[in-house]
Amino acid sequence: MQGGGSTIRMEHVSKSFGDLQVLQDFSYTFREGEFVCICGPSGIGKTTILQMIAGLQQPDTGRVECASPNLGYVFQEPRLIPWCSVLENIEIGLHQIMPEAKSERQRIAAEMARRVGLDGFQDYYPAQLSGGMKQRVSLARAFAVEPDILLLDEPFSSLNVELRDAMCSYLQQLLALKPCTSVMVTHMLEDAVRLADRLIYLENRPCRIALEYHLDRPSADRDMPYTYQQMQAIIELLNLNRC
Ligand code: ADP
Ligand code: MG
């Protein structure tokens with residue numbers, strides 16, 4: 001079933017780990033069907049925000065409203081099960097959704113493997129794959145469940161420039177087939193400007209949104225000059241805000 005994703009609302013959220021206050025009265029709405037990138041320095045609270053959306057962390061106060069339980073999560077490391085093949089790894093999330101339908105699970109996993117260019121590698125094990133291939137399995141696994149919400153935590157940061165570029169293309173193709181509300185943490189401004197509808201830049205502790213930036217051109221129509229012009233505009237705005 002195709003859908004546009006669902007809205008995620010964080011309202012007046014506070015979160016501390018011991019004495020460390022990461023979020024204080026933090027509010028933000030991730031609009032249905034939009035691709036939002038969260039940027040900002042290490043340790044600011046980006047992963048904490050994703051984990052709260054996924055329900056893996058609970059706010060101390062405030063609320064995180066996320067209507068859909070159908071969620072895909074792509075982590076910085078591929079997190080594949082070493083003794084499972086490519087197909088079995090892609091299938092993992094489907095066990096809960098369709099426990100009895102083994103052949104349907106396998107059909108979906110094979111189709112997802114094909115979409116991320118892993119035809120012919122279905123029976124390989126993670127140890128036999130390159131870093132980029134492992135991350136493609138991770139992407140295929142996230143999309144196999146037809147997520148309404150897609151969370152990506154620095155998914156391409158361990159990859160070189162060419163591989164990051166290829167991964168961005170795979171992600172765009174998968175989203176064109178299955179649109180969803182997407183939230184991606186990245187420290188690569190270039191990836192954010194290529195993929196995002198909207199970008200938020202976090203600063204300070206507890207963290208606050210230093211900049212929210214809307215990218216007006218559809219991501220498929222963004223060329224290099226546009227990308228670099230937008231990156232420059234964002235950097236200038238951030239510097240202005242700091243003055
Ligand atoms: P980011 O993803 O922006 O690098 P995180 O959200 O992972 O940052 O972490 C924000 C801060 O909260 C960091 O200082 C980190 O050490 C701390 N933190 C995150 N998760 C935990 C946890 N489970 N227990 C204790 N401290 C944590
Ligand atoms: Mg993080």
Side-chain angles (χ1 to χ4, degrees), residues 8-30 34-66 71-80 93 131-132 134-139 141-143 147 149-161 163-164 167-168 171 180-213 215 231 234-235 237-239 241-242:
I8 304 160
R9 283 195 184 82
M10 297 183 72
E11 289 173 353
H12 307 292
V13 171
S14 296
K15 178 74 182 173
S16 297
F17 297 105
D19 292 339
L20 183 78
Q21 180 134 36
V22 179
L23 299 174
Q24 187 183 32
D25 198 25
F26 182 90
S27 298
Y28 192 73
T29 298
F30 300 87
E34 266 197 357
F35 194 123
V36 177
C37 276
I38 305 179
C39 302
S42 177
I44 196 97
K46 304 182 296 297
T47 296
T48 304
I49 289 173
L50 285 198
Q51 290 189 337
M52 282 193 190
I53 295 170
L56 301 172
Q57 292 277 1
Q58 299 304 318
D60 298 335
T61 57
R63 46 193 242 122
V64 180
E65 194 184 291
C66 172
L71 195 132
Y73 208 135
V74 182
F75 301 91
Q76 185 167 358
E77 345 64 68
R79 298 199 187 184
L80 306 182
K134 284 183 201 165
Q135 206 47 300
R136 277 188 270 158
V137 176
S138 164
L139 205 54
R141 178 182 57 193
F143 273 93
I149 291 172
L150 180 68
L151 305 175
L152 307 114
D153 196 352
E154 307 207 40
F156 313 144
S157 61
S158 62
L159 306 177
N160 66 32
V161 176
L163 286 175
R164 268 183 29 233
M167 289 300 292
C168 285
L171 180 54
C180 41
T181 307
S182 307
V183 185
M184 180 165 102
V185 168
T186 179
H187 62 271
M188 304 301 301
L189 195 51
E190 190 177 341
D191 291 353
V193 166
R194 176 164 172 189
L195 294 166
D197 298 307
R198 203 175 292 274
L199 176 154
I200 54 174
Y201 194 95
L202 303 180
E203 272 184 354
N204 290 14
R205 173 160 287 162
C207 81
R208 63 174 191 96
I209 297 174
L211 177 72
E212 182 184 31
Y213 190 86
L215 289 134
M231 283 169 67
I234 290 165
I235 291 164
L237 281 170
L238 279 170
N239 286 337
N241 284 357
R242 283 183 192 127

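Whatever order the structure lists ligands and atoms in, that order sets their numbers, starting from 1.
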What is the distance from atom [atom1] of [X] to atom [atom2] of [Y], rounded to the nearest 0.5 Å?
X: Ile53; Y: Ile149; atom1: CD1; atom2: CD1; value: 7.5 Å
X: Leu23; Y: Phe17; atom1: CG; atom2: CZ; value: 8.0 Å
X: Thr181; Y: Phe35; atom1: OG1; atom2: CZ; value: 11.5 Å
X: Leu151; Y: Cys66; atom1: CG; atom2: SG; value: 7.5 Å
X: Leu56; Y: Thr47; atom1: CG; atom2: OG1; value: 11.0 Å

Checklist entry - Closer than 2.8 Å to the Mg ion (ligand 2), which protein N, O or S atoms? => result Thr47 OG1
Donor-acceptor pairs under 3.5 Å, side chain of residues 199-209 to any protein atom, not counting sequence neighbours: which ones?
| from | atom 1 | to | atom 2 | distance (Å) |
| --- | --- | --- | --- | --- |
| Glu203 | OE2 | Arg242 | NE | 2.7 |
| Glu203 | OE2 | Arg242 | NH2 | 2.7 |
| Arg205 | NH2 | Gly43 | O | 2.5 |

Checklist outcome for this item: With sequence neighbours left out, the residues meeting side-chain hydrogen bond (donor to acceptor under 3.5 Å, both in side chains) with Tyr73 are none
Checklist entry - Which protein residues have a heavy atom under 4.0 Å from ligand 1? => result Phe17, Leu20, Val22, Pro41, Ser42, Gly43, Ile44, Gly45, Lys46, Thr47, Thr48, Gln57, Arg205
Next on the checklist: Looking at every heavy atom in both Met188 and Thr186, which two are closest together, and how far apart are they?
Outcome noted: N-OG1, 2.9 Å
Item to check | side chain to side chain donor-acceptor pair (under 3.5 Å) evaluation trace for Ser138 with Gln135 | outcome: CA-CA 5 Å; Ser138 164; Gln135 206 47 300; 3.1 Å; yes
